[in-house]
Amino acid sequence: MIDKELLYKLQKDFSFYAPRCLKIKSKEGKLEKFKLNEIQEKINDVIDQLKAEDKPVRVIILKARQVGVSTLAEGRIFHDTAMTELKTSLIVAHKEDASSNLFKMSKLFYEELPDGLRPQKKASNAKELIFENPTPDPEEKRRNPGLRSWIKIDTAKNLGAGRSDTIHNLHVSELAFWDNAETVMTGLMQAVPNNANTMVIIESTANGVGGYFYDLWRRAKRGENEFVPLFFPWHEHSEYSLPFAGVNAEQAFKQSLTPTEKTLKELYDLTLEQLNWRRWCIENNLNGDEELFKQEYPSNDDEAFLVSGRPVFDTANLIYRKEQVTGTGETGEIRDGEFIPDKYGRLKVFKHPQEGRPYVIGADVAEGVSGGDYSVCQVLDN
């Protein structure tokens, strides 16, 4: 028997529930308690805040590799499904093996639950986990039906995924790599009611500029949909830091910093230990390919999309220049031939023109009335 007050806290507070009830496989291949890392805590806080505001949970996450985002999504969905009646949850990834790997987390969660919190189970196979009384006796089932909740998996290869169900919790994994993302996501999102007790977590690494995930992310950043955009660069993960063997090694490393490393240190206030891990990772895990590091472990969302595509220009320089000008300049409108400051204006002025000085204007128009980009004019000092 579990104390009612304790049971209520376990039901309502995932950060309290996870380390006490769930177990995960560590990177060392051992079973350990699910203690949220710093990135998982940030995502969890956003979900809790949306729930506290009685809003549907809609979160889109752009991530670096191996920071624990999928594990947090699986934990939240399992918690809601295994602690609540009549909940339906679906996990969809780009490939079957990816979906199966995510689903294995849920099965492990169930197997390792404390006895008093393990719901009755009707089925557990490669595709579904059903929390229901398994008895064939209809009278017994009527008296004690169990939760009647389930977790299922599917893949983006199934164009009709989720269409015949009502889904309360949806985990969409690696959306940037789905072949028919728009078709599948249209069906999935229409299966999720627009209610406060529903949750959609979309997470993916980037896969170049363009595509459904890219467009959804950009729209979320502009506030054009309900999704809360969350980006987690590699340097926010505490594991991505490598101590030095001693003071001499640290000093030698400091003297050997490359221009790129110095720029990163300046932009993101990185420690030498973080840069040491970055250099180690490039040399040992990525065969010396610095561009591949930017793809797998981006420092900002622009880098994530630009580098994972096929960029012509040096991405690091482009992003560095963008970071330098972010937040500078004035926004406003031209009215009656004069510049009027207006924070909602369409014109960005970094420097006002001087009388008699030559300037060059270049224009790049949008694709059309409903195009996804902007019409832009840029003024250059000649």
Side-chain angles (χ1 to χ4, degrees), residues 14-15 17-19 21-47 57-82 89-112 126-127 129 151-156 161-162 167 169-178 181 184-185 188 199-207 213 216-217 227-234 236-240 295-298 301 304 308:
F14 178 74
S15 61
Y17 171 88
C21 304
L22 301 182
K23 290 189 178 174
I24 58 173
K25 276 186 184 177
S26 69
K27 291 179 180 177
E28 292 76 31
K30 298 177 181 177
L31 273 186
E32 58 182 34
K33 293 178 180 179
F34 184 6
K35 295 178 181 176
L36 275 62
N37 65 33
E38 60 283 351
I39 288 175
Q40 291 167 337
E41 284 178 352
K42 288 177 182 177
I43 301 170
N44 194 60
D45 288 346
V46 170
I47 293 172
V57 173
R58 303 290 184 266
V59 180
I60 181 168
I61 303 166
L62 176 61
K63 59 178 188 175
R65 297 279 181 191
Q66 299 292 314
V67 294
V69 172
S70 297
T71 307
L72 186 278
E74 290 305 300
R76 286 284 327 206
I77 286 177
F78 180 86
H79 171 246
D80 192 45
T81 314
S89 303
L90 182 64
I91 303 159
V92 187
H94 58 314
K95 295 188 295 186
E96 192 163 336
D97 59 345
S99 295
S100 297
N101 287 336
L102 292 173
F103 191 49
K104 284 174 185 175
M105 287 190 211
S106 294
K107 297 177 85 170
L108 182 61
F109 289 154
Y110 181 81
E111 290 163 7
E112 295 296 325
K127 296 287 184 183
L129 188 55
I151 303 174
K152 293 181 181 179
I153 63 165
D154 212 326
T155 74
I167 302 166
N169 298 304
L170 174 63
H171 176 195
V172 171
S173 182
E174 295 297 355
L175 178 57
F177 297 87
W178 290 19
V184 181
M185 282 299 294
L188 287 172
M199 177 167 61
V200 178
I201 300 175
I202 297 174
E203 48 84 8
S204 185
T205 44
N207 186 27
F213 176 70
L216 188 65
W217 171 262
F227 282 91
V228 177
L230 300 173
F231 170 71
F232 297 103
W234 67 271
E236 281 191 20
H237 192 34
S238 59
E239 289 183 21
Y240 296 159
Q295 176 180 312
E296 302 294 302
Y297 304 95
D301 61 328
S308 59

**Asked** What do you reckon, is NZ of K30 surrounded by more than 12 foreign heavy atoms closer than 6.0 Å?
**Response** no
**Asked** Do L230 and V46 come within less than 4.5 Å of each other through their side chains, counting heavy atoms only?
**Response** yes
**Asked** Quick one: are I153 and L90 in side-chain contact, heavy atoms under 4.5 Å?
**Response** no
**Asked** Looking just at side-chain N and O atoms, do Q40 and T71 make a donor-acceptor pair shorter than 3.5 Å?
**Response** no
**Prompt:** More than 12 foreign heavy atoms under 6.0 Å from NZ of K107: is that the case here?
**Reply:** yes
**Message:** Determine whether a donor-acceptor pair (N or O, by modelled atom type, separation under 3.5 Å) exists between the side chain of W234 and the backbone of E296.
**Reply:** no
**Asked** With no hydrogens and no angle check, is any side-chain donor or acceptor of S99 less than 3.5 Å from a backbone partner on A93?
**Response** yes
**Prompt:** Rounded to the nearest 0.5 Å, how far does CG of N169 lie from CD1 of I91?
**Reply:** 10.0 Å
**Criterion side chain to side chain donor-acceptor pair (under 3.5 Å) on Q66 and H237, from CA distance to verdict** = CA-CA 9 Å; Q66 299 292 314; H237 192 34; over 6 Å; no
**Prompt:** Does E74 use its side chain to pair, donor to acceptor, with the backbone of M105 at less than 3.5 Å?
**Reply:** no
**Asked** Does some side-chain heavy atom of V69 sit less than 4.5 Å from a side-chain heavy atom of I43?
**Response** yes
**Salt bridge flag under 4.0 Å for residues K25 and E112** = no
**Message:** Nearest 0.5 angstrom please: S106 OG to L129 CG, how far?
**Reply:** 7.0 Å
**Request:** Using a strict 4.0 Å threshold on nitrogen-to-oxygen distance, state whether E32 and K23 make a salt bridge.
**Result:** no
**Request:** May I have the step-by-step check of side-chain contact (heavy atoms from CB on, under 4.5 Å) for W178 and M185, ending in yes or no?
**Result:** CA-CA 10 Å; W178 290 19; M185 282 299 294; 3.8 Å; yes
**Item:** Gap separating the CG atom of N207 from the NE2 atom of H94, nearest 0.5 angstrom
**Value:** 9.5 Å
**Fill in**
Distance col, row L72:CG vs S15:OG, nearest 0.5 angstrom, shows 10.5 Å
**Item:** Flag, side chain of S204 to backbone of A206, donor-acceptor distance under 3.5 Å
**Value:** no
**Fill in**
When rounded to the nearest 0.5 Å, the distance separating OH of Y110 from CG of L22 is 13.5 Å
**Message:** Would the distance check show the side chain of D154 and the main-chain N or O of A161 forming a donor-acceptor pair, the cut-off being under 3.5 Å?
**Reply:** no
**Request:** With side-chain contact (heavy atoms from CB on, under 4.5 Å) as the test, would you mind laying out the steps for V57 and V200 before giving the verdict?
**Result:** CA-CA 6 Å; V57 173; V200 178; over 6 Å; no
**Message:** Is it the case that the side chain of N37 and the backbone of V67 share a donor-acceptor pair, with hydrogens and angles ignored and the cut-off at 3.5 Å?
**Reply:** yes
**Asked** Is there a side chain to side chain donor-acceptor pair (under 3.5 Å) between S173 and E203 once you walk through the steps?
**Response** CA-CA 5 Å; S173 182; E203 48 84 8; 2.7 Å; yes
**Asked** Angle class for the F34/F14 ring planes (parallel below 30°, perpendicular above 60°, tilted otherwise)?
**Response** perpendicular
**Any V59 side-chain heavy atom under 4.5 Å of I202 side chain** = no
**Sub-4.5 Å side-chain heavy-atom contact between F232 and L62** = no
**Message:** One pair to check against side-chain contact (heavy atoms from CB on, under 4.5 Å): K152 and S89. What are the steps and the verdict?
**Reply:** CA-CA 6 Å; K152 293 181 181 179; S89 303; over 6 Å; no
**Prompt:** Looking at E174 and T205, what are the two nearest heavy atoms and their distance?
**Reply:** OE1-OG1, 2.9 Å
**Message:** Between L170 and M199, is there a side-chain heavy-atom distance shorter than 4.5 Å?
**Reply:** no
**Message:** With a 4.5 Å cut-off on side-chain heavy atoms, are F231 and W217 touching?
**Reply:** yes
**Complete:** Separation between CD1 (I24) and CG (L31), nearest 0.5 Å, reads 9.5 Å
**Prompt:** At their closest point, which heavy atom of S238 faces which heavy atom of E38, and how far apart are they?
**Reply:** N-OE2, 2.6 Å
**Message:** If the threshold is 4.0 Å, N to carboxylate O, is there a salt bridge linking E236 and K42?
**Reply:** yes
**Asked** Are V92 and L188 close enough, and set up right, to give a side-chain contact (heavy atoms from CB on, under 4.5 Å), and what steps lead you there?
**Response** CA-CA 10 Å; V92 187; L188 287 172; 4.2 Å; yes
**Asked** Looking at side-chain heavy atoms only, is the closest gap between S70 and L102 below 4.5 Å?
**Response** yes
